[in-house]
Amino acid sequence: MSKKSGVPPTMAETSGNLTGSRPAALSEGFELGRLLLKGRAFFALIAIIIVFSILSPYYFSLSNFLTMSSHVAIFGILAIGMLLVILNGGIDLSVGSTLGFSGVVAGFLMQGVTLKAFGVVLYPSVWVVVVLAVALGGFVGLVNGVLIARFKVPAFVATLGVMYVVRGLALLMTNGLTYNNLGGQADRGNTGFNWLGFNRLFDVPIGVVVMIVIAGAGSLVLNRTAFGRWLYASGGNERAAELSGVPVKMVQVLVYVCSGMCAAAAGLILDSQLTSAGPTAGTSYELTAIAAVVVGGAALTGGRGNIRGTLLGAFVIGFLSDGLVIIGISSYWQTVFTGGVIVLAVLLNAVQYRRRVKRPGAADGQSPSQVTGGRATIAEPARERTAG
């Protein structure tokens, strides 16, 4: 009733007036929460920089950021390859071993290859060594992909087995020893290996440049090519993608090949920074790569995530670890902090990607088929691709 009639408003009208602004307030709070949740990796990185800049006068400087970025580049390259696998709904536990094995092979080639039948010793150039090492990483990924796609071996089991095989081969090849002095000799034409780890381009470490190039190429593939659409589709719903004509098995093999190649590239950069190649290099790095992908907002169930978020996750973990070292925190506590970050990231992912029970039309008693005009529809999770 209106006020002119002199009849007081009913309880329903009063409650409607009181709660009229509540949905708007709740909506604003919900949107803010979604923004904070989706941008959690970026906000976490800013918080880490602020906290450690306060705790240490040496943290906030351009030279220190570039040094830390060169450390992050190794994890970032690994994480990009891991992201492709996780987008497909898989996992790759062999990347750490592939990193170490590729580095050992590179160290072996840099020492010279003896051909007893011809009585000569070959010293391949650095670029030949790089190409062969990356190709070897791709071959390891190919083995993973074939086991998973063709022989239906679960990804966890297949990559775990390959992890042990590859690590064992690296140990057998070196007898547990380390290849030192990878600088090469000018008269043999195999110098320049340290260029990957120590040189800079416009004052940016080469490792960071390589990471940026790989990230740019990966982002272009995911967002602008048919392969990227196939990858998101097969990761979101493999059966539906297969029925739609997506070459699911080919996509599955290729993502593991890419993961192996990224691991090999990271191994070359790490060995160049260390000026040595050891069979135990990269131990547990696969867990760090998975952590970077999770912190970056990708869903472990597949189909959701992007490279931007993954790189932010790698920087969060790298800057946190280096910051703890700078302020003198024990390495044991570093493990504790890193583990806590991973657990928190998984919990936030569970909140972000939880399924909604309530569907459109349920409130007014309509069934989903009535809402869509009697047709069964499949919603494409396009908005979730860029989460994180």
Side-chain angles (χ1 to χ4, degrees), residues 41 69-88 90 92 95 98-99 102 106 126-142 144-145 195-197 199-202 204-235 246-247 250-270 272 285-286 288-290 292-293 296-298 302-315 318 382 385-388:
S69 297
S70 66
H71 301 158
V72 172
I74 298 169
F75 300 129
I77 294 172
L78 274 180
I80 291 171
M82 185 67 72
L83 171 68
L84 301 180
V85 174
I86 290 179
L87 285 176
N88 191 245
D92 190 355
V95 292
T98 303
L99 180 152
S102 299
V126 171
W127 298 112
V128 173
V129 171
V130 169
V131 171
L132 291 177
V134 172
L136 177 62
F139 176 76
V140 175
L142 178 64
N144 283 327
W195 185 82
L196 289 171
N199 275 34
R200 298 192 173 201
L201 183 64
F202 302 110
V204 179
I206 295 299
V208 178
V209 175
V210 173
M211 180 186 68
I212 294 173
V213 171
I214 294 176
S219 182
L220 183 65
V221 169
L222 290 180
N223 295 312
R224 301 294 182 180
T225 67
F227 178 80
R229 293 190 293 271
W230 292 344
L231 177 54
Y232 279 110
S234 59
V246 174
M250 184 193 74
V251 171
Q252 209 165 27
V253 171
L254 286 179
V255 294
Y256 283 96
V257 171
C258 292
S259 179
M261 294 174 68
C262 286
L268 292 172
I269 295 173
L270 176 63
S272 180
Y285 276 28
E286 60 275 354
T288 306
I290 296 171
V293 175
R304 299 182 180 98
N306 60 35
I307 288 180
R308 182 185 65 252
T310 297
L311 288 182
L312 284 173
F315 273 94
R385 293 184 183 182
T386 58

Let me know which of [options] forms a side-chain contact (heavy atoms from CB on, under 4.5 Å) with [X].
X: Leu83; options: Thr310, Val255, Ile290; value: Thr310
X: Val293; options: Ile86, Ile80, Leu87; value: Ile86
X: Ile269; options: Ile77, Val208, Ile206; value: Ile77

Quick one, [X] and [Y] - any side-chain contact, counting heavy atoms below 4.5 Å?
X: Leu99; Y: Tyr285; value: yes
X: Leu254; Y: Leu84; value: no
X: Leu222; Y: Asn306; value: no
X: Asn88; Y: Ser234; value: yes

Taking all atoms of both residues into account, what is the closest heavy-atom pair of [X] and [Y], and its distance?
X: Val95; Y: Ser259; result: CG1-OG, 3.3 Å
X: Ala41; Y: Gly313; result: CB-N, 4.5 Å
X: Leu268; Y: Ala106; result: CD2-CB, 3.6 Å
X: Gly137; Y: Ala264; result: CA-CB, 4.0 Å
X: Ile307; Y: Ser219; result: CD1-N, 3.2 Å
X: Met211; Y: Gly76; result: SD-CA, 4.1 Å

Gap separating the CZ atom of Phe139 from the OG1 atom of Thr98, nearest 0.5 angstrom: 11.5 Å
Distance from Leu270 atom CG to Ser102 atom OG, nearest 0.5 Å? 11.5 Å
Partners of [X] by side chain to side chain contact (heavy atoms under 4.5 Å, CB included), sequence neighbours excluded?
X: Val221; result: Thr225, Phe227
X: Val72; result: Ala314, Phe315, Phe319
X: Leu220; result: Arg224

Spell out, as yes or no, whether a donor-acceptor pair under 3.5 Å connects the side chain of Tyr256 to the backbone of Val140. no
